[in-house]
Amino acid sequence: MRSLSILSLLFGVALAIPNPVPPHPMITQAPQLDSRDFLEDLDHKVHSIVNSLGSTVSGFIASGVPQFFQSLPIGEEAVVSMVSSVVGSVANIVDIITNDTKPTQVLNLPAYGNWTKAQKWNVFVHGNVYKLPGIPSVILEGMADMFLIAETKFKDLKTGQQQQAKNMTASILVIQEKNVTVTMEFNQAAGTQTLTLPGFTTVQGDFGEWVSLENITTSTGYLLPGNATNKIQTLEMHATGTDTGNATAYLVPPQGFTIISDIDDVLREARIWDFNQGVLNSFANTFGPWMNMPEIYAHWASAIPDAHFHYLTTTPEQVTRNYMEFVFAHYPPGSFDSRPLRYQDVDAVLSARKFLLDRIFETFPQRKFILVGDVSNTDIMKAYPQLAKEHPGSVQCILLRNTSSADASFKFPYDTSGFSGLETKQYMFFRTPDDLKGLNFANGECVNRAVPQNVTFGVQGVSGGVAVFRSGMWAMTAAVLATVLAMWY
Ligand SMILES: *[C@@H]1O[C@H](CO)[C@@H](O)[C@H](O)[C@H]1NC(C)=O
Ligand SMILES: *[C@@H]1O[C@H](CO)[C@@H](O)[C@H](O)[C@H]1NC(C)=O
Ligand SMILES: *[C@@H]1O[C@H](CO)[C@@H](O)[C@H](O)[C@H]1NC(C)=O
Ligand SMILES: *[C@@H]1O[C@H](CO)[C@@H](O)[C@H](O)[C@H]1NC(C)=O
Ligand SMILES: *[C@@H]1O[C@H](CO)[C@@H](O)[C@H](O)[C@H]1NC(C)=O
Ligand SMILES: *[C@@H]1O[C@H](CO)[C@@H](O)[C@H](O)[C@H]1NC(C)=O
Ligand SMILES: *[C@@H]1O[C@H](CO)[C@@H](O)[C@H](O)[C@H]1NC(C)=O
Ligand SMILES: *[C@@H]1O[C@H](CO)[C@@H](O)[C@H](O)[C@H]1NC(C)=O
Ligand SMILES: *[C@@H]1O[C@H](CO)[C@@H](O)[C@H](O)[C@H]1NC(C)=O
């Protein structure tokens with residue numbers, strides 16, 4: 001019975017992709033399957049995966065919700081219990097972990113601000129307050145295996161990969177600080193203003209508030225009003241009481257171009273559809289750019305000097321530092337969003353991307369957006385065309401990497417039905433970064449005529465649904481888990 005329900009839940013996840021605009025993707029009815037052998041074989045494979053995930057994480061399947069990456073531990077109790085589950089119940093485990101806790105850190109994400117009706121710059125300040133517990137190195141190594149759910153174990157990794165795996169593990173096993181206030185200093189040439197955010201951090205340590213900046217005027221300078229410039233003005237922000245919360249605030253004028261970019265498999269090589277590789281690329285390998293994409297972005301930044309770059313990933317907040325470090329080493333500076341911890345319920349987890357996109361669209365109703373992503377993200381395939389329909393005139397171009405065109409191992413079905421009804425000149429499926437070369441989207445040009453566009457609206461990459469399941473159980477199971485990963489990315 002239990003295994004059956006696990007199966008139906010898994011299929012619920014897998015088949016949610018083909019189903020256009022399902023009301024609740026995670027509780028879609030299980031399909032009727034006709035082959036017992038197929039079921040048993042799959043059941044067996046799923047069980048071995050579930051077992052390899054370990055009891056603490058198998059809940060994501062049992063509950064039918066892809067919680068693996070959503071239910072990363074939050075708070076001291078959770079960290080202690082997670083560590084105990086790996087090292088056994090050591091009497092002084094709390095001491096070991098908490099005695100050596102490092103000072104408070106603030107993750108402060110690069111922010112954007114808009115010019116308001118009240119003739120002020122308002123900035124959305126967001127991030128997380130937490131401490132790193134003193135988890136001994138040897139325990140971290142043991143814990144790394146839990147996150148490294150690929151076939152490779154920590155001990156088999158190369159030294160550099162081990163470092164990265166330990167860093168990721170340590171980043172996840174942090175203790176968030178609830179109900180504290182955050183004070184931010186904004187430095188501009190003319191002087192500093194210090195603003196204490198009106199609220200307290202959430203139970204998960206998150207903060208996210210709009211603050212209104214004063215226009216400090218001295219002989220050395222002042223802020224330009226949003227209606228008097230096309231240029232983006234930047235201010236350095238600094239969370240007081242720590243050296244870990246420095247970031248840039250981008251004051252973005254009401255009009256101009258904003259490039260909103262996903263990160264995994266567009267800016268960085270992740271290969272999430274290839275399960276083992278995806279896990280290794282996310283937890284063990286240092287992040288590397290996807291082909292010559294940095295060149296394309298550098299070109300955009302110089303061709304459109306006033307462009308605003310916004311990086312929007314649904315990767316969990318805990319590993320945002322690694323993403324930011326990677327992005328800012330290879331791509332133009334810009335504001336940043338990752339999946340906030342406070343959205344823990346199913347709907348919000350599933351719609352995190354749309355939630356973050358809605359906020360930036362609402363903040364800049366007159367700007368033109370260029371949306372960049374890849375077809376392996378179910379939520380992108382839904383949200384990008386949806387935004388183009390909800391905000392006519394706001395979406396300049398949708399540029400999607402067709403991940404299947406260059407990679408035979410891509411077995412991940414994707415759904416293009418959301419694009420039905422959009423003008424074909426508004427979007428392009430591209431194969432390599434070079435396909436984007438020479439596009440002048442400021443002039444409304446979103447399509448490179450040299451790139452074949454063969455778009456039919458509906459599910460791609462599976463013919464007749466069941467056929468692909470038969471073609472390889474493992475690939476199918478991997479696709480289910482990749483779906484889980486895709487929720488994360
Ligand atoms: C933790 O700190 C307490 C109080 O300072 C001390 O008694 C205890 O021995 C420490 N435990 C460990 C494991 O270091
Ligand atoms: C992990 O690496 C990132 C990027 O290099 C760094 O900012 C962060 O502090 C590291 N985290 C830990 C827990 O060591
Ligand atoms: C949060 O902190 C404030 C002041 O520090 C206190 O008044 C309030 O009761 C706290 N709220 C909760 C839910 O702990
Ligand atoms: C700030 O003040 C200066 C002069 O004092 C003024 O020219 C400028 O428009 C003001 N900027 C904003 C954002 O209000
Ligand atoms: C900006 O808007 C304010 C308020 O409507 C107006 O007084 C001012 O002249 C405008 N500035 C420019 C450069 O258009
Ligand atoms: C953060 O900003 C503060 C204030 O400008 C500065 O003193 C400090 O050195 C900065 N820290 C880092 C790590 O850059
Ligand atoms: C500025 O952003 C806020 C928050 O998204 C939004 O409610 C407001 O309408 C924006 N202001 C303008 C003038 O667009
Ligand atoms: C993606 O690439 C594959 C393989 O080249 C092709 O069959 C498919 O039509 C492309 N999809 C889109 C939406 O362009
Ligand atoms: C276009 O796509 C359809 C359906 O996805 C496929 O049957 C056909 O072979 C493709 N044509 C080309 C030229 O790729």
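One-based numbering, in listed order, for ligands and for the atoms of each.
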Can a salt bridge be assigned to the pair [X] and [Y] using a cut-off of 4.0 Å between side-chain N and carboxylate O?
X	Y	result
Asp337	Arg359	yes
Lys437	Glu295	yes
Glu177	Lys131	yes
Asp262	Arg353	yes
Glu390	Lys354	yes
Lys120	Glu214	yes

Looking only at distance, does Asn215 have an N or O less than 3.5 Å from an N or O of ligand 4?
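Between Asn215 and ligand 4, an N or O pair is found under 3.5 Å apart.
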
Numbered atoms of ligand 7 (with element) below 4.0 Å of Trp210, judged on heavy atoms
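In order of numbering, the contacting atoms are 4 (C), 5 (O).
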
Out of curiosity, Leu195 CG to Glu209 CD, how far, rounded to the nearest 0.5 Å?
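Reported to 0.5 Å precision, the distance equals 11.5 Å.
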
Top protein contact for [atom], by heavy-atom distance:
atom	answer
atom 13 (C) of ligand 6	Asp243 O, 3.5 Å
atom 14 (O) of ligand 7	Pro365 CD, 3.5 Å
atom 6 (C) of ligand 7	Glu362 O, 3.9 Å
atom 12 (C) of ligand 7	Asn114 ND2, 3.7 Å
atom 5 (O) of ligand 7	Thr363 OG1, 2.8 Å
atom 4 (C) of ligand 6	His238 ND1, 3.6 Å
atom 2 (O) of ligand 6	Asn246 ND2, 2.4 Å

For ligand 4, which atoms have a heavy atom of Leu224 less than 4.0 angstrom away?
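Counting atoms of ligand 4 from 1, those under 4.0 Å from Leu224 are 13 (C).
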
Going by the atom numbers of ligand 4, which of them fall below 4.0 Å from some non-hydrogen atom of Trp115?
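Result: 13 (C).
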
Okay, side chain of Arg367, backbone of Phe257: is any donor-acceptor separation there less than 3.5 Å?
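Checked: pair present.
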
Under the 3.5 angstrom rule, does the side chain of Tyr331 hit a backbone N or O of Leu267 as a donor-acceptor pair?
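Side chain of Tyr331 to backbone of Leu267, a donor-acceptor pair under 3.5 Å: yes, one is there.
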
Out of curiosity, is Phe124 lining ligand 7, as in a heavy atom under 4.0 Å away?
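No; Phe124 lies far enough from ligand 7 that no heavy-atom distance drops under 4.0 Å.
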
How does Asn187 reach ligand 6, if at all, at less than 4.0 Å between non-hydrogen atoms: by side chain, backbone, both, or neither?
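Answer for Asn187: side chain.
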
Please work out, at 4.0 Å between heavy atoms, whether the side chain, the backbone, both, or neither of Pro254 comes within that distance of ligand 7.
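No part of Pro254 is near ligand 7 at this cut-off.
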
